[in-house]
Amino acid sequence: MQKVWWKESVVYQIYPRSFCDSNGDGIGDLKGITGKLDYVQKLGVNVIWLSPVYKSPNDDNGYDIADYQAIMDEFGTMEDFDELLMEAHQRGIRIVMDLVVNHTSDEHAWFVESRSSRDNDKRDYYIWREARDGKEPNNWGSCFSGSAWQWDEKTQMYYLHCFSQKQPDLNWDNPVVRDKVFEMMTWWCEKGIDGFRMDVISMISKPEGLPDAPMAEGALYGGCDLTCNGPHVHEYLQEMNRRVLSKYDIMTVGETAGVTIEEARKYANSEGTELNMVFQFEHVGLDGGDADKWAKKKMSLPALKENLTKWQKELAGVAWNSIFFCNHDQPRVVSRLGDNSPESAKCIGTMLHMMQGTPYVYQGEELGMTNCLFGPIENYRDIESINAYHELTEAGLREPQELLSCIAYKSRDNARTPMQWNGSANAGFTTGTPWIMVNPNYKEINAEKELADENSVFYYYQKLIRLRRQSEWSDVIVYGDYELLLPQDEAVFAYTRSLEGRKLLVLCNLSDADAEFELPAEAAGPVKAVLITNEGEAPVLKERMKLKKWQCVVYEI
Ligand code: NOJ
């Protein structure tokens with residue numbers, strides 16, 4: 001397997017709005033991030049993925065971009081960005097930008113022109129259609145509720161928006177749009193940034209004729225299966241690769257909703273003709289409902305093991321994985337798979353960080369930050385949660401209280417509460433009024449406290465990251481083969497990683513009860529070293545093993 005830096009990296013995702021506010025307006029900003037680079041460096045990661053910082057009216061917190069080459073007013077200036085980039089580079093940290101080019105904001109100059117008349121020369125930058133029998137051109141639903149089509153009074157046509165009405169989809173079939181996007185990407189690369197995380201990049205190529213999509217039972221609109229992995233997506237990414245990516249030593253990760261193994265092997269192929277790696281979402285869909293994600297069921301551990309194992313094994317040698325459970329769209333993993341305890345946070349971290357692929361740590365995950373009890377829908381800020389609540393309750397499809405409890409469990413806002421820096425007002429995030437509520441548990445869970453406690457989740461994550469990046473086991477952790485053990489065990493996630501005669505054994509009791517299990521003889525030792533464990537003394541490795549609740553350990557055998 002080819003050795004490259006982005007396979008050996010650990011990425012830290014920053015959601016700027018919620019990270020650190022330097023000027024007291026209640027909104028995180030670039031200077032706030034620069035001021036915390038020492039903290040990020042101390043954690044030991046070498047890449048930051050910055051969620052969008054571009055000029056935006058914030059209908060979807062910056063994922064609706066009005067100018068790709070300007071900084072959002074609330075976040076600061078381009079000089080602030082340049083300073084952040086320079087300070088990060090001085091600390092050996094690279095910066096990966098969020099690239100949101102499936103759609104723009106409706107306030108982007110291109111769209112303002114496009115909607116101005118039917119014969120404007122930018123009309124074809126977006127996807128405009130005539131009404132069908134006086135209604136929407138097809139049955140597609142927006143990912144944020146309602147139809148994916150918006151009627152435009154002025155020019156008497158509909159435009160497509162797979163996300164909010166303020167996020168019109170770009171028409172990638174238009175070569176001029178591709179030229180413009182590639183020019184903009186080149187501008188950022190020339191500035192010296194280190195890569196792109198590509199927002200819903202699997203959705204840029206729409207199917208010919210925009211046919212109706214199949215509808216799930218209980219759904220109001222057609223699903224988005226038809227908009228993912230469309231007919232020209234690989235062709236367009238190869239063109240992007242030839243014209244931009246291949247010219248720079250950068251890393252790329254595609255957010256690929258709806259990706260299958262077969263598709264991932266193309267997007268992230270080892271020949272390097274498209275992207276370096278993709279985010280797949282099958283594992284975070286395992287606790288979803290039939291029609292949508294708004295369910296409260298617990299993930300089955302055998303199903304999770306089967307799924308992650310499939311991705312580990314089937315991309316090995318042909319494409320590259322990214323490994324994650326948390327980001328700005330997911331609830332906190334310690335509340336999802338764990339029981340909110342530091343021990344469960346460490347156990348889940350171990351299970352993920354010992355796998356093959358590039359790990360992503362989302363801000364606050366390294367502290368064991370939990371879901372937040374928001375209460376009524378008025379306390380939420382996320383367009384997805386708010387729209388779903390109104391649509392599903394008003395259509396009589398869900399009971400308000402029941403739906404609210406699912407939103408409490410799954411809402412993206414769980415990830416977006418301010419970073420908990422210390423035990424002072426607003427968790428030290430801002431001196432003003434935070435744009436979204438602070439999780440009331442900040443006095444127990446915060447960075448200052450954890451930095452003063454050698455047994456904290458923070459130092460445990462630091463150790464996990466160091467093991468992968470700078471230890472005698474790095475090669476095995478990064479490049480080793482993966483084998484699952486005990487596939488049916490309901491409590492224990494066990495696997496081995498092997499490379500050139502060396503072998504690691506990873507044991508994680510992902511349950512809140514003690515677990516007893518039997519290991520295959522060849523996995524039961526002898527032990528050469530204990531790499532990490534979360535409960536003081538490492539347990540003695542033997543065929544009949546016992547682990548305490550949330551206990552985990554990694555051995556070299
Ligand atoms: C995926 C992003 O991660 C999410 O936050 C955003 O709302 C949608 N894409 C639309 O850009």
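Just so you know, these numbers come straight off a predicted model, no measurement behind them. Atoms within a ligand are numbered from 1 in the order they appear, just like the ligands themselves. Position 1 is the first residue of the sequence; numbering continues from there.
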Test ring pair (Phe, Tyr, Trp, His ring centres under 6.0 Å) applied to Phe279 and Phe325, Tyr267, Tyr362, Phe324, the passing residue: Phe324
Per-residue contact class, Arg416 against ligand 1 - non-hydrogen pairs under 4.0 Å: side chain
Per-atom contacts of ligand 1 with His103, taking only distances under 4.0 Å to non-hydrogen atoms: 10 (C), 11 (O)
Shortest protein contact, atom 6 (C) of ligand 1 (heavy atom only): Asp60 OD2, 3.3 Å
Ligand 1 contact on Glu255 by region, counting heavy-atom pairs under 4.0 Å: side chain
Verdict with reasoning, Tyr63 to Ser51, per side-chain hydrogen bond (donor to acceptor under 3.5 Å, both in side chains): CA-CA 8 Å; Tyr63 282 91; Ser51 273; 3.0 Å; yes
Which segment of Gln330 sits under 4.0 Å of ligand 1 when only heavy atoms are counted: neither
Close approach of Glu384 to ligand 1, heavy atoms, under 4.0 angstrom: no
Test item: side-chain donor near acceptor, Thr370 and Asn441, under 3.5 Å: yes
Ligand 1 contact on Phe144 by region, counting heavy-atom pairs under 4.0 Å: side chain
Protein contact of atom 8 (C) of ligand 1 - nearest heavy atom, named by residue and atom, plus distance: Phe163 CE2, 3.8 Å
Cation-pi geometry met for Arg132 and Trp149 (6.0 Å, 45°): no
Short N-O contact, Lys206 and Asp173, less than 4.0 angstrom: no
Intermediate values then yes/no, ring-ring contact (aromatic ring centres under 6.0 Å, His included), Tyr126 and Phe111: CA-CA 7 Å; Tyr126 294 86; Phe111 190 74; 4.8 Å; yes
Arg412: numbered ligand 1 atoms lying under 4.0 Å from its heavy atoms: 4 (C), 5 (O), 6 (C), 7 (O)
Of Met72, Arg416, His328, the residue whose pairing with Arg17 passes side chain to side chain contact (heavy atoms under 4.5 Å, CB included): Met72
Closest protein heavy atom to atom 9 (N) of ligand 1, given as residue, atom name and distance to 0.1 Å: Asp199 OD1, 2.9 Å
Between Trp435 and Glu74: side-chain donor-acceptor atoms closer than 3.5 Å: no
Shortest protein contact, atom 3 (O) of ligand 1 (heavy atom only): Asp329 OD2, 2.4 Å
Arg197 near ligand 1 by a heavy-atom separation under 4.0 Å: yes
